[in-house]
Amino acid sequence: MSKEKAPLPPGSNFIRGIIERDLTANKYAEKQWAGSPGNAKHHQTAPVDPAKIRTRFPPEPNGYLHIGHAKSIFLNFGLAQDYHGICHLRFDDTNPEKESQEYVNSITEMVQWLGFNWENASENNLYFASNYFDEMYQAAELLIQNDYAYVDSQTADEMRENRGTLTEPGKDSPFRTRTVEENLTLFREMRDGKHPDGRHILRAKINMASPNFNLRDPAIYRIRRAHHHHTGDKWCIYPMYTFAHPIEDALERITHSLCTLEFEDQRPFYDWLMKKLVETGMLSQPVPKQTEFARLNLTYVVLSKRKLIQLVEEKHVSGWDDPRLPTLAGARRRGYTPAGFKLFTDRIGVSKADSWIEYLIFEDCMREVLNLDAERRIAVLDPIKLVIDNYEDGHSEDCFAPNHPLKEELGKRTVQLSKELWIEREDFMEEPAPKYFRLFPGNMVRLRYGYVVECTGCEKDADGNVTVVHCNYLPDTKSGTDGANSVKVKGNIHWVSAAHAYEAEVRLYDRLFKEAHPGEGDRDFLQDINPNSVQTITVQLESSLQSVNPGDCFQFERHGYFVADRIDSVKGKPVFNRTVTLRDAWQK
RNA sequence: UGGGGAGUCGCCAAGUUGGUUAAGGCUCAGGGUUUUGAUCCCUGCAUGCGAAGGUUCGAAUCCUUCCUCCUCAGCCA
């Protein structure tokens, strides 16, 4: 009927393309899965894997997760969900010197916070690379036995010298021709602690003249006497990422191993290893395939581990969960939500092109979800007194404010109106700017959910600063009454009754960096830090805010979204963090 | 200057076995609704797909050459 093209599937991208092609080709139709990771023999008699695809999120537990990881988390877990697959959470803990349980804990907590889990009725897909050290060791011996690996005894410096350069091939190590027996003996001695750290190293035997450095006999096992947070002191040799990661994927029967672009050059080795281990019978087809995508870059934000550590250690921020940091721990404290992250990752897509996402896209995603979720409350952030001169002294009355304009079912709450109110300083101008339609002498505005008032003037101190604004109210114009619309006004300002409001602390956060690309060129990124990235103020809040729980999010009307800080709030005295402002066409 | 990648509207990003007017989102501009200058709604926004040639009835999609950017020489991941 329609001449229109069929709508494209939402979020179409090259990775989905690959998965869909693999699925229609029935590539995994006979892939077996024994319910737990293992080698070919382990899966040999198992039933066909009920998971159509398997992906994995493989963080190294050596730091805190940040927004960039969120992209990967939503990609891997999201793809698994969409294609009836399963996503594993796997800690890539092959370097004990940098890793610790503390990081493991924070990472699992954040992945769960984003809404993902790795357990279902029959499986718990939380894995550790260190659980596969036995298999990795066996794989290394298999390689040696087939003359695909050898023990090199050059020093690190010698290895570097002999690796060649971009334009010159490397030179074979003098130890490259050791016999299988010699290599096996030496490697076992390495395992048994007979050699000091760094004395020998196991290398894959591929091609020292390859134009790809990763194929110039890459190191795959090194001696390191280090206590491992999981395996303790069982091992004094540890596998390198290059070697370990493909094996981890294969043992877990991962179908699509997604990683960032910098691992692209590693793929030939990944495939080489798979081929050799299938050849030796340790693994069986189908083996996992690595696919690379571009990592996230966000303007006004740094995501490099090194820079984040520096910001924390040099105390430019309060800690790993500082609300100004792009860490997930910081984001949660800031009031950014999992739904917002989901929207964000959907919106930016995934491709192989290096790109910089504008920070406002991220903020906008948060606004979009918060607009739907957050109840409205009233806060006067920069208070100035407004006195309704014709209102009865000492009297007060109920006004009814909807908790959410888009969700009537959330009901209304009462707020008290009285003669003396707090309003925003910026809602009054003695000399109004062009197109300003708030309070100025002679102008009428509505006190939101209350009456229309007419401004009559103001008082000023000796320096000319406005101290009190005066007005009269129009008694028949109360919101919710028949006369509410008898007077049409353009301005609508919020307020709290001075007698009923309470004083509180609010933190106004702004971007941590003032430059779109911190540290661009030769600049030190620390020089680009925004000196006004946080401002702590004392405000007047409606009383209902006093009893909220840490972590609760609200829209403070006409200001933005705020969250009760999960750390610094105390019972009956929440501290609020500004998550993001409302859009403001007037300020432009 | 060896290898591996990428270049489609200000920012992302579909589309690449060649086939009519190059999706969509965000930004932006203009208009409407509105008791948040918010939200929401409507309209507009690439004769052009890094550049130049070529093949073809027809090219973002194929070929050639060139340009720009990213990435690789850890016993890190």
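By convention in this document, chain letters (A, B, ...) are assigned in the order of the sequence lines, proteins followed by strands, and residues within each chain are numbered from 1. Owing to the predicted nature of the structure, the values given are computational and were not obtained by experimental measurement.
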(message) Can you list everything that forms a side-chain contact (heavy atoms from CB on, under 4.5 Å) with Leu582(A)? Sequence neighbours excluded, please.
(response) Gln555(A), Tyr561(A)
(request) Please name all residues satisfying side chain to side chain donor-acceptor pair (under 3.5 Å) with Asp373(A), sequence neighbours left out, ordered by chain then number. (result) none
(request) Identify, residue by residue, the members of residues 150-162 of chain A with a heavy atom below 4.0 Å from RNA chain B, and return them in order of residue number, or none. (result) Gln154(A), Thr155(A), Ala156(A), Met159(A), Arg160(A)
(message) Restricting to salt bridge (Lys or Arg N to Asp or Glu O under 4.0 Å), what partner residues turn up for Glu189(A), sequence neighbours left out?
(response) none
(request) Check side-chain contact (heavy atoms from CB on, under 4.5 Å) between His66(A) and all other residues, then give those that pass, not counting sequence neighbours. (result) His69(A), Leu303(A), Leu308(A)
(message) Can you list everything that forms a salt bridge (Lys or Arg N to Asp or Glu O under 4.0 Å) with Arg438(A)? Sequence neighbours excluded, please.
(response) Glu426(A), Asp427(A)
List, with names and distances, any nitrogen or oxygen atoms from the protein found under 3.5 Å away from nitrogen or oxygen atoms belonging to nucleotides 16-18 of chain B.
none

(request) Could I get the full list of ring pair (Phe, Tyr, Trp, His ring centres under 6.0 Å) partners for Phe243(A), not counting sequence neighbours? (result) Tyr221(A)
(message) Tell me every residue that passes ring pair (Phe, Tyr, Trp, His ring centres under 6.0 Å) with His404(A), counting only those two or more places apart in sequence or in another chain.
(response) none
(request) Using the test salt bridge (Lys or Arg N to Asp or Glu O under 4.0 Å), find all partners of Arg267(A) that sit at least two apart in sequence or belong to another chain. (result) Glu292(A)
(message) Ignoring hydrogens and geometry beyond distance, is the side chain of Gln266(A) in donor-acceptor contact with the base of rA77(B) at under 3.5 Å?
(response) yes
(request) Could you pull out all residues at least two apart from Tyr127(A) that satisfy ring pair (Phe, Tyr, Trp, His ring centres under 6.0 Å)? (result) His88(A)
(message) Considering every strand and a 4.0 Å limit on heavy-atom distances, what is the contact class for Glu168(A): base, sugar-phosphate, or nothing?
(response) nothing
Interface polar pairs with nucleotides 11-13 of chain B, N/O, under 3.5 angstrom:
{"residue": "rC11(B)", "atom": "O4'", "partner": "Glu358(A)", "partner atom": "OE2", "Å": "2.8"}
{"residue": "rC11(B)", "atom": "O3'", "partner": "Trp356(A)", "partner atom": "O", "Å": "3.1"}
{"residue": "rC11(B)", "atom": "O2'", "partner": "Trp356(A)", "partner atom": "O", "Å": "3.2"}
{"residue": "rC12(B)", "atom": "OP1", "partner": "Trp356(A)", "partner atom": "N", "Å": "2.8"}
{"residue": "rC12(B)", "atom": "OP1", "partner": "Trp356(A)", "partner atom": "O", "Å": "3.2"}
{"residue": "rC12(B)", "atom": "O5'", "partner": "Trp356(A)", "partner atom": "O", "Å": "3.4"}
{"residue": "rC12(B)", "atom": "O2'", "partner": "Ile348(A)", "partner atom": "O", "Å": "2.7"}
{"residue": "rA13(B)", "atom": "OP1", "partner": "Ser351(A)", "partner atom": "OG", "Å": "2.5"}

